[in-house]
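Okay, structure first, notes after.
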Amino acid sequence: MKGFSLLFPEKIIFGNGKLNELKNISIYGKNGLLITGKNFALKTGLIDRIINLLNDKNIFVFNNVEPEVSVETVDRAADIARKRKIDFIIGMGGGSALDCAKAVSGICKENYSVKDYLDNKIKIIKDPCFFIAIPTTAGTGSEVTKNAVLTYTEKDIKISLRSEKLIPSISILDPELTLTMPETVTAYTGMDALCHAVESFFSINANPFTKLVAKNSIKLIFKNLYKAYKNGKNLKARYNMLYASLLAGFSFANAGLGAVHGISHPVGAILKLPHGLINAMLLPYVLEFNKKIINKELKNLNKELQCDLIENIKKLNKKLKIPENFKKITKITEDKIDYIISKTEFKTGSMTFNPVKMDKNSVKQILQKVF
Ligand SMILES: [Fe+2]
């Protein structure tokens with residue numbers, strides 16, 4: 001039996017209306033930087049709500065995070081943090097806003113570009129800025145992980161800034177904040193959470209704890225994702241989805257992911273499609289590919305879930321209007337497949353945790369099916 005270690009944020013606050021706890025948290029310093037997406041937080045009034053909750057602090061707002069956030073945006077936000085002598089950072093929104101805020105918290109105490117860290121010229125050594133993560137989607141898991149996924153524009157890749165120091169100091173998960181998520185965002189982020197749970201369950205680095213929470217996450221997503229998609233105001237389904245996403249986050253933060261994420265990052269950087277959509281389409285194909293190694297464990301999981309995992313994922317995709325392959329979305333040439341493979345990272349990150357060892361040929365086999 002292998003041993004294991006587990007990483008968690010210092011504190012997780014979960015529950016309906018729990019955003020209000022923000023005013024009770026003891027935060028050192030006066031100057032805060034709120035990092036969020038372009039439209040969502042403004043439209044929903046959440047920016048004003050946070051400023052009101054922290055009315056004894058000076059909150060500067062950076063609401064310029066784009067989907068699949070770029071290194072340039074991280075550098076712009078980090079510059080603001082340095083110039084304004086920011087004491088703490090709040091990231092609020094989906095995966096991109098949270099990952100941007102997380103990266104800024106890790107790099108803003110030094111004067112380097114985030115690219116210097118991603119190029120391995122330097123490491124995050126200093127303790128990051130106090131960082132509070134507030135997800136408004138149910139899928140990213142970023143609120144409990146040690147990495148921030150960024151688009152490295154000039155290299156045409158998505159890459160993770162990784163350090164145990166990047167784990168948020170505090171995460172506030174309030175299901176009420178997810179009630180306004182549009183249908184497609186509910187579907188894509190929910191399927192991303194399912195990928196986190198399934199991939200970490202079969203990861204070669206999984207341990208008894210990660211398997212337990214991943215399994216529970218899969219069960220909750222199967223029961224609640226379609227309900228939340230069909231009726232966004234269903235608070236019980238939203239609560240269960242945010243909880244499932246948190247469990248999946250715990251699991252993959254400690255066990256790693258697999259080939260779905262390993263392939264989805266270059267596909268996302270090149271085709272500019274949403275992360276959760278790409279993952280949802282890839283998941284059944286990667287599981288079929290992995291079957292030769294995971295078959296026994298898959299059969300046991302199927303028994304416990306009382307369904308066939310792969311077939312159920314396909315059914316769920318259909319109900320969420322996620323196409324079976326990319327043909328319905330975009331045209332992919334053979335050259336493009338080769339380009340995607342050339343940008344795939346095999347030696348580090350998600351791919352290294354896949355139960356079947358992946359190489360260029362295996363990725364090609366999967367891509368030819370899903371494209
Ligand atoms: Fe993901």
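Both counts, for ligands and for their atoms, begin at 1 and track the order of listing.
- Partners of K314 according to the salt bridge (charged side-chain N to carboxylate O under 4.0 Å, His left out) rule, which considers only residues two or more places apart in sequence or in another chain, are E311.
- For K319 and Y226, the positive end sits near the middle of the six-membered ring, less than 6.0 Å away and at most 45° from its axis.
- Between P9 and P168, the shortest heavy-atom contact is CB-O, 3.3 Å.
- Every residue two or more places apart in sequence or in another chain was checked for a ring-ring contact (aromatic ring centres under 6.0 Å, His included) with F353, and none qualifies.
- Take the Fe ion (ligand 1) as the corner point: the lines to NE2 of H196 and to OD1 of D192 open at 80°, to the nearest 10 degrees.
- Of the angles at the Fe ion (ligand 1), the one spanning NE2 of H261 and NE2 of H275 is 90° when given to 10°.
- Among the backbone and side-chain atoms of C195, no N/O/S atom is found under 2.8 Å from the Fe ion (ligand 1).
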